[in-house]
Amino acid sequence: MSLGDIAGLIAAIAFVLLVGALAVPLLKLGRVMDEARKSLSDVTEHTLPVIDEAAVTISSTNAQISKVDTVTTAAAEVSTNVSALTSLVAATVGAPLIKIAAFSLAVRGLFGKGEKST
């Protein structure tokens, strides 16, 4: 056996040891990847129904919001109409009421003076 053969044998043994040393982390990495795949599968299995439920909830909420928008618009129109009606009643009935109140005050003042002077 020559010196070159011994060096080649040592190099081959070193290469086998290196491959063995690198095989262990690769095996562990393979296990980690398997666990990650299982975890991702579980998360996907549990997440998809939640996403579907959220989509249904969002569409239902949008329908309710459109109904509320209709009600809000109607309430705004009613508020505007009530405001206009109040202004009309105040303008129509307010001035005569003020005149009646002034006349009533004048009559009470007139009779009040008559009672005090006697």
Side-chain angles (χ1 to χ4, degrees):
M1 190 178 264
S2 70
L3 189 58
D5 291 339
I6 293 173
L9 185 61
I10 290 173
I13 291 172
F15 184 72
V16 167
L17 290 176
L18 178 66
V19 168
L22 292 177
V24 172
L26 286 175
L27 289 174
K28 288 183 178 179
L29 181 63
R31 287 186 204 139
V32 168
M33 294 299 284
D34 287 341
E35 290 297 321
R37 187 179 315 125
K38 286 180 185 175
S39 296
L40 183 62
S41 174
D42 289 343
V43 167
T44 302
E45 182 178 317
H46 290 99
T47 304
L48 288 179
V50 171
I51 291 172
D52 291 340
E53 187 175 327
V56 169
T57 302
I58 288 171
S59 66
S60 174
T61 302
N62 284 338
Q64 293 295 323
I65 286 174
S66 66
K67 288 179 182 177
V68 168
D69 187 41
T70 303
V71 169
T72 304
T73 303
E77 289 177 8
V78 167
S79 174
T80 303
N81 291 339
V82 167
S83 176
L85 184 64
T86 302
S87 298
L88 179 66
V89 167
T92 304
V93 180
L97 284 178
I98 290 173
K99 289 179 182 177
I100 290 172
F103 178 74
S104 172
L105 183 63
V107 169
R108 280 190 295 172
L110 182 65
F111 288 121
K113 282 186 177 178
E115 289 179 1
K116 285 183 181 178
S117 63
T118 55

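Only heavy atoms go into these numbers, but all of them, side chains included; no hydrogens, no water, no symmetry mates. The chain is numbered in sequence order, starting from 1.
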Which side-chain N or O atoms in residues 30-42 pair as donor and acceptor under 3.5 Å with protein atoms at least two apart or in another chain?
unit_1: Asp34; atom_1: OD1; unit_2: Arg37; atom_2: NH1; d: 3.3
unit_1: Ser39; atom_1: OG; unit_2: Glu35; atom_2: O; d: 3.0

- Message: Under 4.5 Å between side-chain heavy atoms, counting indirect links through other Ile/Leu/Val/Met/Phe/Trp/Tyr residues: same cluster for Val16 and Val24 or not?
- Response: no

- Leu3 CG: over 12 foreign heavy atoms closer than 6.0 Å: no

- Item | Heavy-atom check, side chain of Asn62 versus side chain of Ile58, under 4.5 Å | yes

- Would you indicate whether the side-chain heavy atoms of Asp69 and Thr73 approach each other to under 4.5 Å? yes

Using atom types as modelled, flag every donor-acceptor pair under 3.5 Å from a side chain in residues 74-92 to any protein atom, sequence neighbours excluded.
unit_1: Thr80; atom_1: OG1; unit_2: Ala76; atom_2: O; d: 2.9
unit_1: Asn81; atom_1: ND2; unit_2: Glu77; atom_2: O; d: 3.3
unit_1: Thr86; atom_1: OG1; unit_2: Val82; atom_2: O; d: 2.7
unit_1: Ser87; atom_1: OG; unit_2: Ser83; atom_2: O; d: 3.1
unit_1: Thr92; atom_1: OG1; unit_2: Leu88; atom_2: O; d: 2.7

- Message: I'd like to know if the side chain of Thr57 reaches the main chain of Glu53, judged simply by a donor and an acceptor atom lying under 3.5 Å from each other, with no hydrogens or angles considered.
- Response: yes

- Item | Rounded distance (nearest 0.5 Å) linking atom CG of Leu105 with atom CG of Leu110 | 11.0 Å

